[in-house]
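Here is the structure we will look at, set down as structure tokens.
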Amino acid sequence: MAVIWQNILTFLQGVLRFIGDPITILNQWLTGVLSGWGANATLIQVILAILGGASLVLGGLFFTVFLIWLERKVGGRFQDRLGPNRVGPWGLFQPLADMVKIFTKEYITPTGADKIPYNLAPVLSVGAVLAVIAVIPFASTIFGVNINVGVVYLMAVGAIGELGIIMAGLGSNNKYALIAGFRAVANLISYEVPMVLVLLIPVMFSGSLGMNDIARSQNVWYIFLAPLSAAIFFIASIAENSRAPFDLIEADSELVAGFNVEYSGLKFGMFYVADFLHSATAALIFATLFLGGWRGPGAESIPILGFIYLSVKATVVYFLILHIRFTVPRFRIDQMMNFNWKFLTPLALVVLAATAVVDKAIPSNLTALRIGVNWIVNIAIWVAADRLVRVVAPKRVVPEVARPRPLARPPLANPPQAAAEHEPGGEA
Amino acid sequence: MIPLSWYLILAAALMGIGLYGVITRKNLVGALIGLELMLNSVNINLLAFWRYLHYAQPEMDGLVFVALAFVVAAAETAVGLALIISAYRSRKTVDVNEMNLLKG
Amino acid sequence: MSAGQVIFLLVGAVTLGSGIAAVNARKMLHAALWLVLSLLGVAFIFALLEASFFAVVQVLVYIGAIAILIIFAVMLSRSSLTDEGTQTNPRWWLAALGLLILFVGICAAILLWPKVTSIPAPLPASATDLATLGKELVNPNGYLVPFELSSILLLATLVGAIYTAVEKKEEIKK
Amino acid sequence: MFTDWIYLGIFLVIAFALPLAAITFAGVISPKKPNPIKDSIYECGIEPIGESRIQFKVQYYVYGLIFLVFDVETVLLFPWAVAYNQLTLFGVLEAVLFIAILAAALIYAWRKGALEWL
């Protein structure tokens with residue numbers, strides 16, 4: 001009897017351990033199985049790498065289906081609609097139906113299209129976003145790869161995405177697509193400048209470029225040490241995935257539908273997937289860099305907890321992105337460029353320099369003092385920037401579209417201003 | 001293991017291709033593209049020497065040189081393209097053979 | 001032949017092939033796109049050399065900025081878009097011949113050099129650590145002067161390029 | 001370390017190959033009935049006039065240029081940021097000088113009117 005109990009207990013312990021840290025245990029198990037089949041160590045590593053990579057990529061692609069549903073549902077609620085609600089419970093299967101439809105749509109290649117760039121563009125777009133997943137640490141043991149240049153890799157992969165947009169614009173043989181593509185790229189590269197600048201701050205604090213190292217080193221969330229940089233990074237990453245208010249790429253009222261007008265079927269679908277997945281990865285990256293990533297109570301010993309923490313943090317950020325998307329009107333392109341080059345970039349430069357000097361001046365073991373001084377400096381910079389904008393910015397001439405008009409009703413016999421005319425000082 | 005000579009020969013070939021582009025292209029932008037290839041071949045060489053011929057203590061010279069080569073390459077491209085745009089604006093061509101103002 | 005050598009040969013072939021295509025393409029836009037592929041190949045070569053930081057920076061700077069700048073510049077000059085005639089000088093074969101001889105000469109020189117067969121020692125951990133590079137860059141006895149000078153070079157680049165490229169106000173009025 | 005890169009290479013191949021495979025697969029199962037009207041360029045139903053590869057204004061180039069300058073700057077600043085914890089205050093101030101010179105570049109571009117879209 002005792003033996004059976006013992007067995008059940010060990011089994012339960014095993015299950016718990018598996019739930020706590022599935023990837024490591026799966027890894028060990030697969031390694032055992034494969035070496036049992038007589039594979040050598042290199043081959044096992046390669047096979048595991050292929051399996052891991054394929055599962056991450058496929059997971060990303062199918063997760064997008066859920067993201068699309070989420071975005072439509074949340075967007076519906078923001079706009080006082082129901083959102084998808086016919087196919088499946090709460091319309092959950094709607095994106096699946098869309099997927100089937102988009103798979104069977106005809107590809108229409110416009111006349112005069114440049115075949116190779118035209119067909120390569122959607123692959124580059126979606127591949128660049130998928131490649132980001134490789135360096136995101138989902139938990140202390142669950143990550144694709146912790147290369148020692150993870151942060152720069154993120155930016156480099158973004159460059160491939162820009163290339164995809166340029167190719168789509170050039171290949172389509174369409175003026176609208178070309179203009180939209182070039183505007184999109186001008187937009188993306190512009191907002192990359194403040195993004196890279198504030199990206200240096202987590203790197204400075206953690207002393208590493210690896211994403212997992214950055215997550216691991218956050219005893220204090222970096223948003224508390226560098227609130228202004230976090231804000232700049234957040235704004236720039238919204239602009240990078242071209243969400244409203246920066247959605248000039250898809251400015252439907254100006255540029256038909258952006259650089260992907262000439263695409264149909266799954267080629268268009270790939271741009272769509274890239275778009276949705278991009279904002280999800282942006283939320284994940286923000287959570288990793290500034291919100292402590294998978295860090296939380298007990299996350300070191302039980303990796304799955306870290307995964308849950310990261311999901312919660314990323315969901316909050318993602319919801320914020322959605323909130324901004326559905327409530328803020330679009331910028332004009334000149335406003336957008338001005339905002340970036342004349343406000344965000346100088347601000348990022350100042351914040352970077354100030355944070356570097358201030359944080360060096362304070363010993364790093366005085367955490368409370370560090371946070372306090374950093375906040376004071378950040379707030380001071382923000383106030384100064386705000387004042388400067390008001391002083392320097394040219395006075396806007398507001399066109400008279402809302403001139404006071406004559407009222408339909410006659411003025412009151414005793415205007416209420418009469419009471420205000422009594423000077424309080426006159427009494428003395 | 002890959003021998004050092006492979007990298008050097010690859011860099012030499014890339015340098016030759018780039019130089020060919022610079023010499024033969026009529027279009028100035030095309031010449032600049034050739035120049036980019038040449039700069040890259042230099043970087044391959046620098047990194048290969050850094051990787052293969054560093055002795056006892058780690059030498060950062062190779063890496064610093066590559067970093068500075070990046071800066072110089074960026075400066076060269078930016079100014080070169082600006083000159084091309086300026087030339088195009090005044091002469092409406094980017095053809096090297098038609099820029100013969102000094103020919104007399 | 002080891003796996004590393006196979007990868008090297010593949011990447012090298014792609015790099016050189018797309019390089020040749022880049023200098024021969026009729027349309028400048030295609031040349032720029034071939035250049036991108038070639039630069040990507042160079043990035044992989046850097047990764048093979050275990051210079052991971054520069055492999056990534058290669059993509060970031062060359063593909064993300066320089067190639068895009070070249071494409072922008074191509075789109076600015078109309079004649080380079082429409083001109084689809086032969087893009088090379090008539091005596092291109094002379095250049096090709098000369099460069100081939102040069103290439104063979106360089107190869108001979110490389111292969112005769114005694115150190116060419118040296119096998120790379122495993123990199124010490126401090127060599128792959130970027131912090132070493134960073135400290136060296138701001139070390140007054142190291143590379144501080146080039147570091148600051150590169151900043152000034154970038155400033156000069158920006159000033160010069162903007163001064164050259166942006167139209168003067170009088171020209172706009174004309 | 002190096003195995004990380006092999007893994008990353010495999011991951012990149014998968015990340016780019018899977019969408020390619022999906023697109024090819026959808027191309028096989030989807031109908032193919034092209035006709036000239038359907039394939040014509042979509043410009044709001046109006047016949048396209050002239051070449052589609054139009055000339056662009058110089059502003060794109062200027063933004064690209066400023067971006068290039070700042071992008072290259074980060075090449076030098078990233079190693080510095082990694083070494084930040086091991087540097088003295090002097091080392092930090094050197095980098096601040098570096099950033100200040102770049103800020104001067106940005107201010108020049110601003111004064112020169114190069115940042116205006118119009």
Side-chain angles (χ1 to χ4, degrees), chain B residues 1-10 12-14 16-21 23-27 29-30 32-34 36-37 40 43-44 47-48 50-54 58 60 63-64 66-68 70-75 77-79 81-86 88-89 92-95 97, chain C residues 4-5 8 12 15-16 19-20 22-23 28 31-32 35 38-39 42 45-46 49-51 54 57 61 66 69-70 73-74 76-77 79-80 87-89 92 95-96 99 102-103 106-107 110-111 115-120 124 126-127 132-133 136-137 143 146 150 153-154 157 160-161 164-165:
Chain B
M1 245 10 242
I2 306 160
L4 175 59
S5 53
W6 289 24
Y7 287 106
L8 298 185
I9 289 173
L10 175 75
L14 203 59
I17 293 168
L19 197 53
Y20 173 78
I23 293 174
T24 58
R25 277 285 193 184
K26 283 199 296 187
N27 192 316
V29 181
L32 208 69
I33 287 174
E36 296 301 329
L37 290 177
N40 269 283
N43 277 356
I44 292 179
L47 279 177
W50 167 78
R51 177 70 188 82
Y52 280 74
L53 299 179
H54 72 275
M60 283 292 130
L63 294 186
V64 176
V66 177
L68 296 177
F70 270 105
V71 175
V72 174
T77 318
V79 175
L81 285 175
L83 284 174
I84 292 170
I85 289 170
S86 177
Y88 172 75
R89 189 176 290 131
K92 293 291 164 214
T93 177
V94 286
D95 193 327
N97 297 343
Chain C
Q5 288 177 334
F8 177 88
T15 309
L16 293 182
I20 291 171
V23 293
M28 271 305 121
L35 174 72
S38 187
L39 296 176
V42 175
I45 298 278
F46 286 0
L49 281 167
E50 294 184 57
F54 287 102
V57 161
V61 169
I66 291 183
L69 202 61
I70 288 178
V74 171
L76 281 173
S77 50
S79 64
S80 60
Q87 285 286 308
T88 49
N89 284 324
W92 61 271
L99 286 169
L102 187 67
F103 175 67
I106 291 177
C107 284
I110 288 170
L111 293 174
K115 270 181 189 156
V116 80
T117 50
S118 57
I119 294 298
S126 56
T132 323
L133 178 59
E136 200 67 16
L137 276 178
Y143 292 96
S150 64
L153 174 66
L154 288 177
T157 305
T164 324

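Below, chains carry the letters A, B, ... as their sequence lines are ordered, and counting in each starts from 1. Here the structure is a predicted model, which means the values were calculated and not measured.
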> Side chain, backbone, both or neither: which part of C:L99 has a non-hydrogen atom closer than 4.5 Å to chain B?
Replying inline: side chain
> Under a 4.5 Å heavy-atom cut-off, does chain B meet the side chain of C:L111, its backbone, both or neither?
Replying inline: side chain
> Based on non-hydrogen pairs under 4.5 Å, which of C:I106, C:L154, C:L102, C:L153 is most in contact with chain B?
Replying inline: C:L153
> Do you know which two heavy atoms are closest between B:L81 and C:A73, and how far apart they sit?
Replying inline: CD2-CB, 3.6 Å
> Is there a side-chain contact between B:V64 and C:P146, using heavy atoms and a 4.5 Å cut-off?
Replying inline: no
>> Quick check on the interface: out of B:L47, B:V66, B:T77, who has the most heavy-atom pairs with chain C under 4.5 Å?
In response: B:L47
>> Report which part of C:L16 has an atom under 4.5 Å of a heavy atom belonging to chain B: side chain, backbone, both, or neither.
In response: both
>> Here's a test for you: under side chain to side chain contact (heavy atoms under 4.5 Å, CB included), which of B:T24, B:L37, B:I23, B:L19 qualifies with C:V23?
In response: B:L37
>> Counting heavy-atom pairs closer than 4.5 Å to chain C, which one of B:L8, B:L83, B:V72, B:V79 comes out on top?
In response: B:L8
>> Taking side chain as everything from C-beta outward and backbone as N, CA, C, O, which of these in B:I85 sits under 4.5 Å from a heavy atom of chain C? Side chain, backbone, both or neither.
In response: side chain
>> Under 4.5 Å from any heavy atom of chain C, what part of B:L68 do you find: side chain, backbone, both or neither?
In response: side chain
>> I want to check something: taking the side chain as every heavy atom from C-beta on, are B:L14 and C:V42 in contact at a cut-off of under 4.5 Å?
In response: yes
>> Give me the atom names and distance for the closest heavy-atom approach of B:A48 to B:Y7.
In response: CB-CB, 3.9 Å
>> With heavy-atom distances below 4.5 Å as the criterion, would you say the side chains of C:F46 and B:N43 are in contact?
In response: yes
> When you look at B:I33 and B:R25, which way does the side chain to side chain contact (heavy atoms under 4.5 Å, CB included) test go after all the steps?
Replying inline: CA-CA 10 Å; B:I33 287 174; B:R25 277 285 193 184; over 6 Å; no
> Considering only heavy atoms, which portion of C:S150 lies under 4.5 Å from any heavy atom of chain B: side chain, backbone, both, or neither?
Replying inline: both
> Relative to chain B, which segment of C:L69 carries a heavy atom at a distance below 4.5 Å: side chain, backbone, both, or neither?
Replying inline: both
